[in-house]
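Notes follow once the structure below has been shown.
All figures in this text were calculated on a predicted structure; none of them were measured in a lab.
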Amino acid sequence: MAKLTRETKDGIYSLMLTPFFEDRSIDYNTYEEYADWQVSQGVDHLFAVCGSSEMTLLSLEERLKLAELTVKHKGNTTVVATANIEATKEENLEEIKKMEQTGVDGIVLTTKGLGDDDEKLVEYISELASSATVPVFLYEFPGFQPHLMSGKAYGELTKDGLIWGIKDTTCSLEMIKDKIANKGDSTIIQANMPYLFDSYVAGARGVMATPTSCGGAFFQRFHEAFVSGDMALAEQRYNEIILLDNAIDSGFCASAKELIRLQGVEGFNWYTRGSHNLSPARLRSIKSFHDWCVANGLMK
């Protein structure tokens, strides 16, 4: 069984989607099959209860159950999960305890709309992180704005080893490099695909991005090529990721769910709790992309 350590914290954190029935209740059986499929992609870590899981549209009980099931099926990966969705800091402290009890290897804390106030953000994160008994990662979750953290604030949180890494969603190479310059012993984990290759060159060493939800193997191939020093192969793998990113961009996360179904998790339909609707033409284009990937050895 894998263990989340300072040495193993880099790599690919595949985001976990939430399958729903037509009435939008959670299809937990399909979720368990999906978790097994994610592990089969060869990724290092699973990120349960994330933005792609539609976490703000799930109850606390649903979030805890999804985290627990992910742990049950984690195989040789590790599992992290968001633990501060509830409204108040006091509720967040209790939420952290409950999330840890699911058996996750680490928790993820969103910046909770405090991105424009370094002092308040550092104080808030420090208090929550200090209460945790497992490794803590940060998440610039766009659902709670302002969400972006300055490199200075990040440096304050990493200087004593309190924070192990951050899912950077700045979509700006300048701001990515600002985090890298202040990362200490932490890992800068990328969510932006256009700058993925450039961010790795600058010093990032992880990915938490929407396409991992349906194509973790693409990212594992890229990461392994890059750290091996084969830059030509790494750039080829990066280009394949860009194709995947563009293929699911319209209608995410419904589009990613359809791509998962095409890859063998047959019970995974594209229903969401949002307003997504995949037209017959959109479904046809996703199938065409899937068939091309299979023909080129990128998917099974």
For [X], which residues count as a ring pair (Phe, Tyr, Trp, His ring centres under 6.0 Å) partner, sequence neighbours excluded?
| X | answer |
| --- | --- |
| Y238 | F197 |
| F47 | Y139 |
| F289 | none |

Does any pair with a residue in [range] pass side-chain hydrogen bond (donor to acceptor under 3.5 Å, both in side chains), and if so which ones, sequence neighbours excluded?
| range | value |
| --- | --- |
| residues 242-253 | none |
| residues 117-133 | N84-Y124, K89-E127, N92-Y124, E100-T133, D118-S150 |
| residues 191-208 | Y200-H223 |

Interatomic spacing from [atom1] in [X] to [atom2] in [Y] - rounded to 0.5 Å:
| X | Y | atom1 | atom2 | answer |
| --- | --- | --- | --- | --- |
| H290 | S285 | NE2 | OG | 13.5 Å |
| R24 | T272 | CZ | OG1 | 6.0 Å |
| L298 | E240 | CG | CD | 4.5 Å |
| T18 | E62 | OG1 | CD | 8.5 Å |
| L262 | D291 | CG | CG | 7.5 Å |
| I166 | I188 | CD1 | CD1 | 6.5 Å |

For the pair [X] (side chain) and [Y] (backbone), establish whether a donor and an acceptor sit closer than 3.5 Å, ignoring hydrogens and angles.
| X | Y | value |
| --- | --- | --- |
| K177 | E174 | no |
| Q145 | P142 | yes |
| T187 | I189 | no |
| D10 | G206 | no |
| H276 | F252 | yes |
| S53 | M16 | yes |
| Q263 | L259 | yes |

Lys/Arg cation over aromatic F268: K257, 6.0 Å, 45° cone: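 No, cation not above the ring by the 6.0 Å, 45° rule.
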
Minimal non-hydrogen separation, [X] against [Y], with atom names:
| X | Y | result |
| --- | --- | --- |
| A48 | A67 | CB-CA, 4.3 Å |
| L17 | S213 | CG-CB, 3.6 Å |
| R282 | A247 | NH2-O, 2.5 Å |
| W292 | L243 | CH2-CD1, 3.8 Å |
| D27 | G267 | OD2-O, 4.0 Å |
| I163 | A129 | CD1-CB, 4.1 Å |

Membership question, hydrophobic clusters at under 4.5 Å side-chain separation (ILVMFWY): are [Y] and [X] in the same one?
| X | Y | result |
| --- | --- | --- |
| L66 | V134 | yes |
| Y28 | L58 | yes |
| L148 | L157 | no |
| L57 | M99 | no |
| L60 | I107 | yes |

Only residue of Y13, F137, F219 satisfying ring pair (Phe, Tyr, Trp, His ring centres under 6.0 Å) with H45 is Y13

Apply side chain to side chain contact (heavy atoms under 4.5 Å, CB included) to Q41 and I12, showing your working. CA-CA 10 Å; Q41 295 291 291; I12 309 308; over 6 Å; no

[X] versus [Y]: any side-chain heavy-atom pair under 4.5 Å?
| X | Y | result |
| --- | --- | --- |
| L4 | V80 | yes |
| V39 | N76 | no |
| W270 | R261 | no |
| I242 | M193 | yes |
| L196 | F222 | yes |
| E95 | R63 | yes |
| T8 | D44 | no |
| N239 | E235 | yes |

Step through the shown structure and confirm whether more than 12 heavy atoms of other residues, nucleotides or ligands are within 6.0 Å of CD on E266. no

Are there over 12 heavy-atom neighbours, none belonging to E90, within less than 6.0 Å of that residue's CD?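 Correct, the count exceeds 12.
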
Assess the side chains of D168 and T170: does a donor N or O sit below 3.5 Å from an acceptor N or O? yes

Please verify the inter-ring angle class for Y34 with W37; under 30° counts as parallel, over 60° as perpendicular, anything in between as tilted. parallel

Please test L244 against M299 for side chain to side chain contact (heavy atoms under 4.5 Å, CB included), starting from the C-alpha separation and ending with a verdict. CA-CA 11 Å; L244 171 63; M299 287 182 179; 4.3 Å; yes

Does the side chain to side chain contact (heavy atoms under 4.5 Å, CB included) test come out yes or no for E224 and Q220, once each step is laid out? CA-CA 6 Å; E224 290 172 358; Q220 199 66 20; 3.5 Å; yes

Out of K167, K112, K179, which one pairs with E140 under the salt bridge (charged side-chain N to carboxylate O under 4.0 Å, His left out) rule? K179

Show the numbers, then the answer: is there a side chain to side chain contact (heavy atoms under 4.5 Å, CB included) between L64 and E68? CA-CA 6 Å; L64 293 172; E68 188 176 88; over 6 Å; no

What do the steps show when you test D23 against S25 for side chain to side chain donor-acceptor pair (under 3.5 Å), and what is the final call? CA-CA 6 Å; D23 66 0; S25 61; 2.6 Å; yes

